[in-house]
K.L.:
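First, the structure itself, so that you have it in front of you.
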Amino acid sequence: ESEKENCKGLKELGTKIIFGEIRFQEYGFGSTNLQIQGNKNGLNYIKKLNLKYTLKTRTDQRYYNPDLLSFLINMQLLFPLKNNENINQKNRLVCMSFDSFTYRLYCLSDMFLFGFTQDVFDYWDCNFDMRDFKNVKLDLNTQRLYSKQKLCEIYFMTQFLEKKGVSINWTLRQSWDEISKRFLILD
(Lines give C-alpha, C1' and ligand atoms only; values in the text may rest on other atoms or scores of the structure.)
Protein backbone atom coordinates (compact mmCIF):
# COMPACT_ATOMS: atom_id res chain seq x y z
CA GLU A 1 0.00 0.00 0.00
CA SER A 2 2.86 2.41 0.76
CA GLU A 3 4.25 1.84 -2.77
CA LYS A 4 0.93 2.88 -4.28
CA GLU A 5 0.84 5.90 -1.98
CA ASN A 6 4.35 6.91 -3.09
CA CYS A 7 3.28 6.86 -6.75
CA LYS A 8 0.39 9.34 -6.41
CA GLY A 9 2.45 12.20 -7.86
CA LEU A 10 3.34 10.14 -10.93
CA LYS A 11 -0.30 9.22 -11.50
CA GLU A 12 -1.23 12.91 -11.36
CA LEU A 13 1.22 13.46 -14.24
CA GLY A 14 -0.60 10.84 -16.32
CA THR A 15 1.79 7.96 -15.71
CA LYS A 16 0.20 4.52 -15.72
CA ILE A 17 1.71 2.27 -13.06
CA ILE A 18 0.96 -1.45 -13.11
CA PHE A 19 1.12 -3.21 -9.74
CA GLY A 20 1.31 -6.97 -9.56
CA GLU A 21 1.13 -9.54 -6.84
CA ILE A 22 4.12 -11.79 -6.18
CA ARG A 23 2.90 -15.26 -7.11
CA PHE A 24 5.75 -17.41 -5.81
CA GLN A 25 8.32 -17.75 -3.06
CA GLU A 26 11.36 -18.27 -5.29
CA TYR A 27 12.60 -14.96 -6.72
CA GLY A 28 15.26 -16.63 -8.86
CA PHE A 29 18.92 -15.72 -9.06
CA GLY A 30 19.28 -11.94 -8.85
CA SER A 31 15.49 -11.56 -8.60
CA THR A 32 15.13 -12.87 -12.15
CA ASN A 33 11.55 -14.00 -11.57
CA LEU A 34 10.48 -10.60 -10.25
CA GLN A 35 11.90 -9.01 -13.40
CA ILE A 36 10.10 -11.50 -15.63
CA GLN A 37 6.82 -10.96 -13.80
CA GLY A 38 7.08 -7.16 -13.78
CA ASN A 39 7.95 -6.99 -17.47
CA LYS A 40 5.17 -9.40 -18.43
CA ASN A 41 2.62 -7.40 -16.42
CA GLY A 42 3.61 -4.16 -18.13
CA LEU A 43 3.87 -5.70 -21.59
CA ASN A 44 0.47 -7.39 -21.32
CA TYR A 45 -1.01 -3.98 -20.54
CA ILE A 46 0.82 -2.41 -23.50
CA LYS A 47 -0.39 -5.19 -25.81
CA LYS A 48 -4.01 -4.46 -24.77
CA LEU A 49 -3.46 -0.84 -25.84
CA ASN A 50 -2.26 -2.15 -29.21
CA LEU A 51 0.88 0.02 -29.14
CA LYS A 52 3.27 -0.66 -32.01
CA TYR A 53 6.56 -0.01 -30.16
CA THR A 54 7.80 -0.60 -26.64
CA LEU A 55 10.85 0.71 -24.81
CA LYS A 56 11.69 -1.26 -21.69
CA THR A 57 14.06 0.50 -19.30
CA ARG A 58 14.91 0.44 -15.64
CA THR A 59 13.31 2.99 -13.34
CA ASP A 60 16.70 4.13 -12.05
CA GLN A 61 17.93 5.21 -15.49
CA ARG A 62 17.24 8.38 -17.46
CA TYR A 63 17.51 9.18 -21.15
CA TYR A 64 17.59 12.89 -21.92
CA ASN A 65 17.47 12.80 -25.72
CA PRO A 66 14.03 14.20 -26.68
CA ASP A 67 14.33 12.39 -30.04
CA LEU A 68 15.27 9.01 -28.56
CA LEU A 69 12.21 7.13 -29.85
CA SER A 70 12.63 8.53 -33.36
CA PHE A 71 16.30 7.59 -33.26
CA LEU A 72 15.48 4.01 -32.22
CA ILE A 73 12.85 3.61 -34.94
CA ASN A 74 15.32 4.99 -37.49
CA MET A 75 17.96 2.51 -36.35
CA GLN A 76 15.51 -0.30 -37.05
CA LEU A 77 14.80 1.16 -40.49
CA LEU A 78 18.51 1.46 -41.28
CA PHE A 79 19.32 -2.07 -40.10
CA PRO A 80 16.25 -4.24 -40.77
CA LEU A 81 16.12 -7.99 -40.41
CA LYS A 82 17.40 -9.79 -43.46
CA ASN A 83 14.49 -11.22 -45.47
CA ASN A 84 16.21 -14.56 -45.93
CA GLU A 85 16.48 -15.16 -42.19
CA ASN A 86 13.74 -17.44 -40.86
CA ILE A 87 13.87 -16.17 -37.29
CA ASN A 88 10.22 -15.58 -36.34
CA GLN A 89 10.65 -11.94 -35.37
CA LYS A 90 9.14 -8.70 -36.78
CA ASN A 91 12.29 -6.59 -36.56
CA ARG A 92 15.54 -6.27 -34.67
CA LEU A 93 15.46 -5.52 -30.99
CA VAL A 94 17.61 -2.56 -29.95
CA CYS A 95 19.65 -2.76 -26.77
CA MET A 96 22.62 -1.00 -25.19
CA SER A 97 26.22 -2.09 -24.94
CA PHE A 98 26.36 -1.17 -21.24
CA ASP A 99 26.42 -4.48 -19.33
CA SER A 100 26.41 -6.52 -22.57
CA PHE A 101 29.61 -8.54 -22.61
CA THR A 102 31.30 -9.47 -25.88
CA TYR A 103 32.69 -12.81 -24.78
CA ARG A 104 29.95 -13.87 -22.38
CA LEU A 105 27.75 -16.18 -24.43
CA TYR A 106 24.15 -15.12 -25.11
CA CYS A 107 24.47 -12.07 -22.88
CA LEU A 108 22.67 -8.81 -23.60
CA SER A 109 22.01 -6.16 -21.02
CA ASP A 110 18.54 -6.38 -19.53
CA MET A 111 18.45 -2.65 -18.74
CA PHE A 112 17.17 -1.34 -22.08
CA LEU A 113 15.23 -3.02 -24.88
CA PHE A 114 13.32 -1.38 -27.73
CA GLY A 115 11.34 -2.85 -30.58
CA PHE A 116 7.97 -3.86 -31.86
CA THR A 117 5.81 -4.61 -28.84
CA GLN A 118 5.33 -8.25 -29.81
CA ASP A 119 9.10 -8.76 -30.17
CA VAL A 120 9.79 -7.15 -26.79
CA PHE A 121 7.03 -9.28 -25.26
CA ASP A 122 8.51 -12.42 -26.83
CA TYR A 123 11.89 -11.59 -25.29
CA TRP A 124 10.43 -11.27 -21.79
CA ASP A 125 7.94 -14.13 -22.12
CA CYS A 126 10.25 -16.44 -20.17
CA ASN A 127 9.38 -19.30 -17.91
CA PHE A 128 10.00 -18.49 -14.28
CA ASP A 129 13.37 -19.83 -13.16
CA MET A 130 12.47 -22.15 -10.32
CA ARG A 131 15.94 -23.62 -9.77
CA ASP A 132 17.23 -23.69 -6.20
CA PHE A 133 20.04 -21.14 -5.86
CA LYS A 134 20.54 -21.32 -2.09
CA ASN A 135 23.84 -23.19 -2.34
CA VAL A 136 24.93 -22.18 -5.83
CA LYS A 137 28.64 -21.77 -6.44
CA LEU A 138 29.30 -19.69 -9.52
CA ASP A 139 31.71 -21.22 -12.03
CA LEU A 140 33.89 -18.31 -13.14
CA ASN A 141 36.68 -20.38 -14.72
CA THR A 142 35.65 -19.54 -18.30
CA GLN A 143 32.99 -17.41 -19.95
CA ARG A 144 31.41 -20.57 -21.41
CA LEU A 145 31.13 -22.29 -18.03
CA TYR A 146 29.70 -19.13 -16.48
CA SER A 147 27.22 -18.73 -19.34
CA LYS A 148 26.06 -22.35 -19.15
CA GLN A 149 24.71 -21.61 -15.67
CA LYS A 150 22.03 -19.46 -17.42
CA LEU A 151 21.94 -16.66 -14.87
CA CYS A 152 20.02 -13.41 -15.27
CA GLU A 153 20.62 -11.90 -18.75
CA ILE A 154 21.80 -15.21 -20.16
CA TYR A 155 18.66 -16.89 -18.88
CA PHE A 156 16.45 -14.30 -20.62
CA MET A 157 18.33 -14.55 -23.93
CA THR A 158 18.51 -18.36 -24.05
CA GLN A 159 14.82 -18.64 -23.17
CA PHE A 160 14.03 -16.22 -26.01
CA LEU A 161 16.22 -18.05 -28.53
CA GLU A 162 14.89 -21.49 -27.58
CA LYS A 163 11.30 -20.24 -28.05
CA LYS A 164 12.36 -19.03 -31.50
CA GLY A 165 13.56 -22.56 -32.35
CA VAL A 166 17.29 -22.13 -31.74
CA SER A 167 19.11 -25.12 -30.27
CA ILE A 168 21.72 -23.54 -27.99
CA ASN A 169 25.18 -25.04 -28.63
CA TRP A 170 27.18 -22.78 -26.26
CA THR A 171 29.63 -21.54 -28.87
CA LEU A 172 30.84 -18.00 -29.33
CA ARG A 173 30.08 -18.26 -33.06
CA GLN A 174 26.41 -19.09 -32.49
CA SER A 175 26.07 -16.46 -29.78
CA TRP A 176 27.47 -13.73 -32.03
CA ASP A 177 25.47 -14.95 -35.04
CA GLU A 178 22.17 -14.85 -33.15
CA ILE A 179 22.93 -11.43 -31.68
CA SER A 180 23.91 -10.02 -35.09
CA LYS A 181 20.77 -11.41 -36.75
CA ARG A 182 18.25 -10.36 -34.12
CA PHE A 183 19.59 -7.30 -32.28
CA LEU A 184 21.20 -3.89 -32.66
CA ILE A 185 23.57 -2.99 -29.87
CA LEU A 186 24.00 0.75 -29.35
CA ASP A 187 27.15 2.12 -27.79
Side-chain angles (χ1 to χ4, degrees), residues 26-44 46-47 52-58 72-73 75-133 136 138-187:
E26 185 55 55
Y27 290 175
F29 190 86
S31 298
T32 297
N33 291 334
L34 294 177
Q35 191 168 4
I36 292 168
Q37 181 180 339
N39 284 314
K40 280 184 174 180
N41 288 347
L43 286 159
N44 280 323
I46 290 168
K47 283 175 65 174
K52 185 174 183 178
Y53 295 103
T54 296
L55 172 59
K56 180 269 183 207
T57 65
R58 286 181 17 171
L72 295 171
I73 291 168
M75 292 303 292
Q76 285 190 319
L77 293 172
L78 286 170
F79 302 99
L81 289 174
K82 293 181 181 174
N83 291 335
N84 61 350
E85 299 287 351
N86 183 23
I87 63 173
N88 190 22
Q89 195 172 317
K90 290 182 181 225
N91 207 337
R92 292 181 192 268
L93 289 164
V94 182
C95 59
M96 297 190 115
S97 63
F98 179 72
D99 213 27
S100 294
F101 300 99
T102 303
Y103 295 102
R104 186 173 291 167
L105 305 179
Y106 313 100
C107 183
L108 288 176
S109 175
D110 59 358
M111 297 182 199
F112 180 103
L113 192 66
F114 172 82
F116 281 105
T117 296
Q118 186 60 52
D119 290 338
V120 176
F121 178 85
D122 290 348
Y123 190 85
W124 287 105
D125 190 23
C126 301
N127 296 319
F128 292 117
D129 189 353
M130 302 310 286
R131 296 178 287 172
D132 182 5
F133 291 102
V136 70
L138 296 181
D139 191 337
L140 302 173
N141 289 315
T142 68
Q143 290 294 341
R144 177 177 287 122
L145 291 174
Y146 177 84
S147 296
K148 282 184 153 186
Q149 295 170 108
K150 291 185 172 184
L151 303 174
C152 303
E153 291 92 344
I154 299 164
Y155 181 79
F156 305 141
M157 170 76 116
T158 55
Q159 283 274 300
F160 172 72
L161 292 175
E162 288 169 348
K163 287 187 177 194
K164 296 295 182 182
V166 176
S167 178
I168 305 297
N169 68 15
W170 300 105
T171 64
L172 189 58
R173 171 54 46 211
Q174 184 190 48
S175 178
W176 285 354
D177 285 349
E178 291 299 327
I179 289 170
S180 70
K181 282 191 284 191
R182 298 172 180 279
F183 299 90
L184 292 173
I185 301 176
L186 303 179
D187 191 28

K.L.:
Return the set of residues passing side-chain hydrogen bond (donor to acceptor under 3.5 Å, both in side chains) with Ser109 (not counting sequence neighbours), or none when no residue passes.
P.N.:
none

K.L.:
Under a 3.5 Å distance rule, please check whether Gln174 uses its side chain to pair with a backbone N or O of Ser167 as donor and acceptor.
P.N.:
yes

K.L.:
Here's a test for you: under side-chain contact (heavy atoms from CB on, under 4.5 Å), which of Leu113, Val94, Leu55 qualifies with Val120?
P.N.:
Leu113

K.L.:
Nearest 0.5 Å please: distance from the CG atom of Leu34 over to the CG atom of Asn39.
P.N.:
11.0 Å

K.L.:
Under 3.5 Å, is there a donor-acceptor pair between the side chain of Tyr106 and the main chain of Trp170?
P.N.:
yes

K.L.:
How close do Lys150 and Glu162 get, heavy atom to heavy atom, and via which atoms?
P.N.:
NZ-OE2, 3.3 Å

K.L.:
Test Lys56 against Leu43 for side-chain contact (heavy atoms from CB on, under 4.5 Å), laying out the working first.
P.N.:
CA-CA 9 Å; Lys56 180 269 183 207; Leu43 286 159; 6.0 Å; no

K.L.:
Apply ring-ring contact (aromatic ring centres under 6.0 Å, His included) to the pair Phe156 and Tyr123, showing each step before the final yes or no.
P.N.:
CA-CA 7 Å; Phe156 305 141; Tyr123 190 85; 7.0 Å; no

K.L.:
Please tell me if the side chains of Phe112 and Leu72 come closer than 4.5 Å, counting only heavy atoms from C-beta onward.
P.N.:
yes

K.L.:
What is the minimum heavy-atom distance between Ser97 and Asp187, and which atoms define it?
P.N.:
OG-OD1, 2.6 Å

K.L.:
Is it the case that atom NZ in Lys163 sees more than 12 heavy atoms from other parts of the structure closer than 6.0 Å?
P.N.:
yes

K.L.:
If you measure from CG on Asn91 to CG on Asp119, what distance do you get to the nearest 0.5 Å?
P.N.:
7.0 Å

K.L.:
Quick one: closest heavy-atom pair of Met96 and Ile185, and the distance?
P.N.:
C-CG2, 3.9 Å

K.L.:
Can you give me the closest heavy-atom contact between Cys152 and Gly30, atom names plus distance?
P.N.:
SG-CA, 4.4 Å

K.L.:
Is it true that, when you exclude Lys90 itself, more than 12 heavy atoms of the residues, nucleotides or ligands shown sit nearer than 6.0 Å to its NZ?
P.N.:
no

K.L.:
Mind checking whether Ile154 and Tyr146 have side chains closer than 4.5 Å, heavy atoms only?
P.N.:
yes

K.L.:
Can you name the nearest heavy-atom pair linking Phe116 to Gln76, along with the distance?
P.N.:
N-NE2, 4.2 Å

K.L.:
Side chain of Ser147, backbone of Gln143: donor and acceptor closer than 3.5 Å?
P.N.:
yes

K.L.:
For residues Asn33 and Gly28, report the shortest heavy-atom separation together with the two atoms involved.
P.N.:
ND2-N, 3.5 Å

K.L.:
Under 3.5 Å, is there a donor-acceptor pair between the side chain of Asp129 and the main chain of Phe29?
P.N.:
no

K.L.:
Are Tyr155 and Ile36 side-chain neighbours, meaning at least one heavy-atom pair lies under 4.5 Å?
P.N.:
yes

K.L.:
Trp176 side chain to Thr171 main-chain N or O, any donor-acceptor pair under 3.5 Å?
P.N.:
no

K.L.:
Working to the nearest 0.5 angstrom, can you tell me the gap between Met111 CE and Glu153 CD?
P.N.:
7.0 Å

K.L.:
Quick one: do Gln118 and Asp122 satisfy side chain to side chain donor-acceptor pair (under 3.5 Å)? Show the steps, please.
P.N.:
CA-CA 6 Å; Gln118 186 60 52; Asp122 290 348; 2.7 Å; yes

K.L.:
At what distance, to the nearest 0.5 angstrom, does CD1 of Ile168 lie from OG1 of Thr158?
P.N.:
6.0 Å

K.L.:
OG1 of Thr117 to OH of Tyr53: how many Å apart, nearest 0.5 Å?
P.N.:
9.5 Å

K.L.:
Could you walk me through whether Phe133 and Leu151 satisfy the side-chain contact (heavy atoms from CB on, under 4.5 Å) test, starting with their C-alpha distance in whole Å, then the side-chain angles of each, then the deciding distance to 0.1 Å, before giving a yes or no?
P.N.:
CA-CA 10 Å; Phe133 291 102; Leu151 303 174; 3.7 Å; yes

K.L.:
Would you say the side-chain atoms of Gln159 pair up with the backbone N or O of Asn127, donor to acceptor, closer than 3.5 Å?
P.N.:
yes

K.L.:
May I have all residue pairs that pass salt bridge (Lys or Arg N to Asp or Glu O under 4.0 Å) and include part of residues 106-115, sequence neighbours excluded?
P.N.:
none

K.L.:
For Arg182, which residues count as a side-chain contact (heavy atoms from CB on, under 4.5 Å) partner, sequence neighbours excluded?
P.N.:
Ile87, Gln89, Phe160, Leu161, Lys164, Val166, Glu178

K.L.:
Are more than 12 heavy atoms, taken from residues, nucleotides or ligands other than Phe98, located less than 6.0 Å from that residue's CZ atom?
P.N.:
no

K.L.:
Just verifying a value: how many Å separate Met157 CE and Cys95 SG, rounded to the nearest 0.5 Å?
P.N.:
7.5 Å

K.L.:
Check for a donor-acceptor pair, side chain of Lys40 on one end and backbone N or O of Cys126 on the other, with a separation under 3.5 Å.
P.N.:
yes

